[in-house]
Amino acid sequence: MTDVLFLSNEDVSGLAEQSAFVEVVREAYRQRGTGAPAKPRTALRNTEPPGLFTTYAAILPETGVMGGYMYSAGFEAGDAWFVTPLFDAESGELLTIVDGASMNPFKTGATGAVGVDSLARDDASVLAIFGSQTQAKAQLRATATVRDLSEVRVYSPTDTSREAFAETMTDTTEAPITPVSSPAAALDGADIVITATDASDPVFDGSDLEPGTHVTAMGQYDPNKYELDATTLERSVYVPDLEARVLQDAGSFLNALKAGVIEADHVHAELGAVVAGEAPGRTTADQITVFDSGGTGIETTAGAFLLYERAREAGLGTTIEFAPASEAFLE
C-alpha cells in the first residue's frame with residue numbers, strides 16, 4: 001500500500017502567503033517555457049441542470065511533481081468542489097490529494113501577477129480592476145506583490161459591489177482604492193487593467209486603452225464569452241497561458257478572429273516562453289500587451305506542491321492508504 005497525505009480545507013487554509021504562490025507559479029511557467037508538458041482543460045458542460053465538469057494537468061519535471069485539477073461547478077447544488085491530486089514525477093507515486101477550493105484564488109491570482117510582472121511596464125502603478133468578487137480580490141492581492149501601486153480603481157456594474165470591494169480591500173495595499181461608475185473612468189490613465197468577471201460581452205471599449213497599457217484577462221475559458229473586445233485584441237501583443245487553448249476556448253481571441261481583425265498567428269508567445277526568456281515580452285513602452293489566462297495545470301500543480309511541502313513541515317494532514325495497481329488488480 002502507498003501512504004498518501006490528504007490535505008483538507010482546514011489543513012491548507014492560510015498555509016502559504018500570496019507572495020509564495022507568485023514565486024512558485026513563476027517558476028512553474030519558467031519550466032513550461034523550457035518544455036514542461038501541459039495541456040488545455042477538458043470542459044464537459046451540462047445543460048439541465050446547468051453545470052461544468054472539468055479537468056487539466058501538467059508535469060513540472062524540475063520540481064519533480066505532476067498533477068492538476070478536477071472539479072465540478074454548478075449542477076443542482078449550485079456549488080463547486082475542487083480535487084487536486086499530486087504525483088511524484090519520477091516514481092509516479094501518488095503523494096497527496098488536496099481539497100483545492102481555498103487554493104484556487106491564490107494560484108489564479110499568482111498567475112495574473114506573473115503575467116503582470118512579465119508584460120507590464122516596470123513603472124506601471126495605476127491598476128484598474130473590472131469585477132468585484134473573489135477572483136478580482138485575489139488579483140489585487142497578487143498584483144500588489146509585483147508592482148508598487150499608486151492607485152487602484154474598481155469597476156463593477158453594481159455600485160454596492162464596487163463600493164464594498166473598495167472598503168474591504170483597503171488593507172491589501174497602501175494605494176487608495178476608488179470605486180468608479182464607468183469603464184472609461186477606470187481606464188483613464190491606467191497602466192494595468194485586469195478583468196475578473198463572468199461577463200459574456202466586452203467589459204470596456206478597447207479604443208479607450210492608452211498606449212503602454214497591460215491587460216490581464218483572468219479565467220475565461222468559454223468560446224462564447226469574451227471580456228475583451230476585438231479592438232483590444234487587434235491592438236495587442238497577445239500572450240496566452242497555453243497556445244493550444246487559443247482556438248479551443250479563448251473567447252476573446254476567437255471573437256477577434258471571427259471579426260477579421262486578427263489572424264490565427266496573432267499569438268506572440270506563451271507566458272512560459274516569456275518568463276523563461278525564450279521569447280521577448282514587451283519590447284517598447286507604448287505597446288499594449290494582453291495576457292489571456294484560462295486556467296491550467298501549471299499553476300495548479302505548483303500551488304499544490306507548495307501546500308504539500310508546507311503541510312509536511314507543519315505536520316498537517318491525514319495519511320490514507322492507496323493501493324497501487326500491482327496490489328489491487330485481480331489475478
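Atom set for the values below is all heavy atoms of this structure, side chains included, hydrogens, waters and symmetry mates excluded.
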Just by distance, with hydrogens left out, do [X] and [Y] show a side-chain donor and acceptor under 3.5 Å apart?
X      : Y      : result
Glu93  : Thr2   : no
Thr296 : Glu299 : yes
Ser252 : Asn255 : no
Lys225 : Ser200 : no
Glu27  : Gln31  : yes
Gln133 : Asp198 : no
Ser161 : Ser156 : no
Thr283 : Gln287 : yes
Arg141 : Thr172 : no
Asn9   : Ser102 : yes

Are [X] and [Y] grouped together when hydrophobic residues (ILVMFWY) are joined by side-chain heavy atoms under 4.5 angstrom apart?
X      : Y      : value
Val261 : Leu233 : yes
Val180 : Val203 : yes
Leu127 : Phe291 : yes
Leu316 : Leu95  : yes
Val126 : Phe204 : no

Hey, are the side chains of [X] and [Y] touching, using non-hydrogen atoms and a 4.5 Å cut-off?
X      : Y      : result
Leu307 : Met103 : yes
Ile129 : Leu140 : yes
Thr232 : Leu209 : yes
Phe305 : Thr96  : no
Leu242 : Glu270 : yes
Pro202 : Tyr226 : yes
Val154 : Val152 : no
Val267 : Pro240 : yes

Exercise. Checking Arg245 against Tyr221: charged group under 6.0 Å from the ring centre and within 45 degrees of the axis?
Worked result: no

Where [X] and [Y] come nearest, the two heavy atoms and their spacing:
X      : Y      : value
Ile298 : Ala38  : CG1-CB, 3.8 Å
Tyr29  : Asp241 : OH-CB, 3.5 Å
Val290 : Ser236 : CG2-CB, 3.5 Å
Pro157 : Tyr155 : CA-OH, 3.7 Å
Ile192 : Val116 : CD1-CG1, 3.8 Å
Val274 : Gly281 : CG1-CA, 3.8 Å

Output yes when a side-chain donor or acceptor of [X] lies under 3.5 Å from a complementary backbone atom of [Y], and no otherwise.
X      : Y      : answer
Arg235 : Gly206 : yes
Glu309 : Ala304 : no
Asp249 : Asp222 : no

Counting heavy atoms not belonging to [X], are there more than 12 under 6.0 Å from its [atom1]?
X     : atom1 : value
Arg45 : CZ    : yes
Asn46 : CG    : yes
Glu90 : CD    : no

Problem set entry | Spacing of Phe87 atom CZ and Leu94 atom CG [to the nearest 0.5 Å] | 4.5 Å

Exercise. In Å, rounded to the nearest 0.5 Å, how long is the span from NE2 of His268 to CD of Glu243?
Worked result: 11.0 Å

For this session: Start with the C-alpha gap between Leu228 and Phe253, add the side-chain angles, then the distance that decides, and say whether side-chain contact (heavy atoms from CB on, under 4.5 Å) holds.
Result: CA-CA 8 Å; Leu228 308 183; Phe253 188 95; over 6 Å; no

For this session: For a side chain to side chain contact (heavy atoms under 4.5 Å, CB included) with Val25, tell me which candidate from Thr300, Leu306, Val275, Val114 qualifies.
Result: Val114

Problem set entry | Residues Arg153, Glu151: salt bridge by 4.0 Å N-O rule | yes

Exercise. Is Arg32 salt-bridged to Glu278, going by a charged N under 4.0 Å from an acidic O?
Worked result: no

Exercise. Between Glu210 and Asp286, does a side-chain contact (heavy atoms from CB on, under 4.5 Å) hold up when you go through it step by step?
Worked result: CA-CA 8 Å; Glu210 298 188 8; Asp286 62 353; over 6 Å; no

Exercise. For the residue pair Tyr71 and Tyr69, does the interplanar ring angle fall in the parallel (under 30°), tilted (30 to 60°) or perpendicular (over 60°) class?
Worked result: perpendicular

For this session: Run through Thr213, Thr289, Asp191, Thr284 and flag the one making a side chain to side chain donor-acceptor pair (under 3.5 Å) with Arg121.
Result: Asp191

For this session: Check the pair Ile288 / Glu234 against side-chain contact (heavy atoms from CB on, under 4.5 Å), numbers first and verdict last.
Result: CA-CA 10 Å; Ile288 292 174; Glu234 181 182 19; over 6 Å; no

For this session: List the steps, then state whether side-chain contact (heavy atoms from CB on, under 4.5 Å) holds for Arg41 with Thr55.
Result: CA-CA 6 Å; Arg41 74 172 65 230; Thr55 183; over 6 Å; no

